[in-house]
Amino acid sequence: MTRLIILILAAFASSAFGQGAHNTYPFTVVCPDGVVVAGVSATVTAEFEGGYTGDKYAPNYNWSVSAGTIVTGQGTPSITVEVGRQDNGALSVTLERTFMEAHFPEVQRSASCTFGVVPLPQARMIDEFRTGGKNCEEGFARLDAFFNELANNPMDEGLIVIYGDTRDSKAAGRRAKQLSNHFTFRKFDRSRVRFVRGIERDGGATQFWMVPVGADLPKIDEASDATNITPPTQPYLYATEYIDGVAGCFGNLYDLAEYAKVLQAEPKSSGRIVIGQSSQAKYRGNAREVIAELSGHGVARNRIVTVYKYVRPNRLLEVTELWVIPPKRSTSVGWIADDGTELTRRCPATTQYWRRAC
């Protein structure tokens, strides 16, 4: 009789938590390999020996973490943990498993794993110098060093912060233009660097920052939005062909591709190109080359006017000037002198021709 009872109990155990040697339903908890960067998400999963989960006995899964937050998967064999941006060191994950039905004491109840968390990358300032002052060449030298740093860290983003100078209201704009010119001059990928205009402050500074992937931008007191700028109403000299000094320090860099972008951004404006040459033949040759290049950049021929300006045979005087001529106002009559300047007089609407006085 006793033997029969033992056999009945053994058969019950085998049917309730059987499947051979797996009646303990052993499992392990698997964490990510290596380390995880703070501020990202990680997946942690329970793996069951032989694939035996005991699901038919309605197990309950209760996860807990030593840091971070469980964002999905609580109550299931797999969870997603969001690691806190300030977390650092080791993060432990534990799974407690229970069954709705009675089970033998040897059934495994819990398992844990641990993975490392490294700090969130931090933006770092690698250079700072004055925004104002006559230090254009110094700015270019520092920007070249910044280019090298970006080249050595191809996954990082560059950030240039230009704080204005309270003693010079035009310093920030001038510095931004100089640095932008140098990007063009060096043919460096502008998409890798973000420009931010900071507020004006005493002793305004220009800063170069490296921002690794996942890092927060540094705290910046940004200047108010200045995108709604009134389009120019007077002709202005965009650039002069580089002859002396440092290219890009004194206004826009002479670059026909950039000049074409300006004309395309101002579709009602026109381009006026003053070419100083010692002969008509040289002028016509230069004019053909400039017009062909602008056409290649999408500027229609009827939007370009070239002007011959005689100069003595001296290479220092053979200059090409790129002018932008805004659309004329209906309330005035104007014309352009050979040097590119506009002469304007207020005239009656009935005036049918241009002249120097009404």
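No hydrogens, no waters, no symmetry mates; every other heavy atom, side chains included, goes into these values.
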Between [Y] and [X], is the closest basic N to carboxylate O distance under 4.0 Å?
{"X": "Asp165", "Y": "Arg130", "answer": "no"}
{"X": "Glu157", "Y": "Arg192", "answer": "no"}
{"X": "Arg167", "Y": "Glu200", "answer": "no"}

[atom2] on [Y] to [atom1] on [X], rounded to 0.5 Å:
{"X": "Leu263", "Y": "Ser270", "atom1": "CG", "atom2": "OG", "value": "8.0 Å"}
{"X": "Tyr236", "Y": "Asn252", "atom1": "OH", "atom2": "CG", "value": "8.0 Å"}
{"X": "Thr98", "Y": "Asn60", "atom1": "OG1", "atom2": "CG", "value": "4.0 Å"}
{"X": "Thr28", "Y": "Glu49", "atom1": "OG1", "atom2": "CD", "value": "9.0 Å"}
{"X": "Phe48", "Y": "Thr53", "atom1": "CZ", "atom2": "OG1", "value": "6.0 Å"}

Starting from Ile291, can I reach Tyr259 by hopping between I/L/V/M/F/W/Y residues whose side chains sit under 4.5 Å apart?
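Yes, because Tyr259 and Ile291 connect within a single hydrophobic cluster, where side-chain heavy atoms sit under 4.5 Å apart.
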Just one of Arg124, Met125, Gln122 clears the side chain to side chain contact (heavy atoms under 4.5 Å, CB included) bar with Met210, so which one?
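That would be Arg124.
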Only one of Arg175, Arg201, Arg174 passes side chain to side chain contact (heavy atoms under 4.5 Å, CB included) with Thr131; say which it is.
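For Thr131, the side chain to side chain contact (heavy atoms under 4.5 Å, CB included) test succeeds with only one of Arg175, Arg201, Arg174, which is Arg175.
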[X]-[Y] side chain donor-acceptor pair, cut-off 3.5 Å:
{"X": "Asp255", "Y": "Thr184", "result": "no"}
{"X": "Ser92", "Y": "Ser112", "result": "no"}
{"X": "Tyr283", "Y": "Thr306", "result": "yes"}

Would Arg97 pass as a cation-pi partner of Tyr61, given that its NZ or CZ must be under 6.0 Å from the six-membered ring centre and within 45 degrees of the axis?
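No; the conditions do not both hold, so Arg97 does not lie above the ring face of Tyr61.
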Can Thr94 and Asn62 be said to form a side-chain contact (heavy atoms from CB on, under 4.5 Å), step by step?
CA-CA 8 Å; Thr94 301; Asn62 184 38; over 6 Å; no
